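Written below as structure tokens is the structure these notes are about.
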Amino acid sequence: MVAAPTPLPPPARRRAVDAAQVKAAALEQLADGGAEGLALRAVARRVGVSVQALYHYFDSRDALVTALVADAFTALAAAVTRAADDAGPAVRERVVAAGLAYRTWAVEHRSAFLLALGTPLPGYAAPEHGPTTAAARAMSRAFAQAVFAGWRPAELASLPAGAVRPGTGG
């Protein structure tokens, strides 16, 4: 008969957990209970540490949510950029690839997507000019790059309103 592993004492358990595991557990909690069910106590239980141990990584639930939202925007921007870059130089193909990557990421990472772009989390306000703002701007830049890459500023400035239409190469 194999003996059960000896549980780690609390300090060793806390060292065995990292911020990425805490965030993964929080996303699982979101998937299971929705945004209103996100609680540090439940996240701590999933990770196997005390609530106090979580404060070594995030000083509040809002700090954890901020990290999750920033991560979601960053990962989504990376997926959109990769897809647009892989599509080649034609604007139409880049935009379609970017849109499909956005949708695919949203479906595959539903909890993170809904946290970042879905129904607001009760009681949460993203820090003004904080990491969520920077990450959201990166997401916007990913789409702008997909649309405008390959155009010189002078070309864009010279286009009459409505001149860029699908199927025209522009």
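Keep in mind that what you see is a predicted model, and the values were worked out from it rather than measured.
- To the nearest 0.5 Å, atom CG of residue Leu30 and atom CG of residue Leu114 are 9.0 Å apart.
- Side-chain contact between Tyr55 and Leu40 is present, with heavy atoms from C-beta onward closer than 4.5 Å.
- The two atoms that bring Val22 and Val43 nearest to each other are O-CG1, 3.7 Å, heavy atoms only.
- Nearest heavy-atom pair, Val91 versus Val147, reported as atom, atom and distance to 0.1 Å: CG1-O, 3.5 Å.
- Minimum heavy-atom separation, Ala70 to Thr132: N-CG2, 4.0 Å.
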Using residues 94-108 as the side-chain source, report each donor-acceptor pair under 3.5 Å to any protein atom, sequence neighbours left out, with the distance given to one decimal.
residue: Arg94; atom: NE; partner: Ala146; partner atom: O; Å: 3.3
residue: Arg94; atom: NH1; partner: Ala84; partner atom: O; Å: 3.0
residue: Arg94; atom: NH1; partner: Gly88; partner atom: O; Å: 3.4
residue: Arg94; atom: NH2; partner: Gln145; partner atom: O; Å: 3.4
residue: Thr104; atom: OG1; partner: Leu100; partner atom: O; Å: 2.9
residue: Trp105; atom: NE1; partner: His109; partner atom: ND1; Å: 3.3

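- Between Glu93 and Ala87, the shortest heavy-atom distance links the atoms O-CB, 3.6 Å.
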side-chain contact (heavy atoms from CB on, under 4.5 Å) between Leu54 and Arg61, intermediate numbers included: CA-CA 10 Å; Leu54 289 186; Arg61 180 197 73 140; over 6 Å; no
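- Counting only distance, with no hydrogens or angles, the side chain of Tyr57 and the backbone of Val17 share a donor-acceptor pair below 3.5 Å.
- Of all non-hydrogen atoms in Val47 and Gln21, the two that sit nearest each other are CG2-O, 4.0 Å.
- Residue Arg46 holds its CZ atom at 5.5 Å from CD of Glu28, rounded to the nearest 0.5 Å.
- Taken to the nearest 0.5 Å, the CG atom of Asp32 stands 11.5 Å off from the CG atom of Leu38.
- In this structure the side chain of Thr133 never reaches within 4.5 angstrom of the side chain of Glu128, judged on heavy atoms.
- Between Gly123 and Asp62, the closest heavy-atom pair is O-OD2, 4.0 Å.
- Rounded to the nearest 0.5 Å, atoms OG (Ser50) and CZ (Arg41) are 9.5 Å apart.
- Atom-to-atom distance recorded for Leu68:CG and Leu27:CG is 5.0 Å, nearest 0.5 angstrom.
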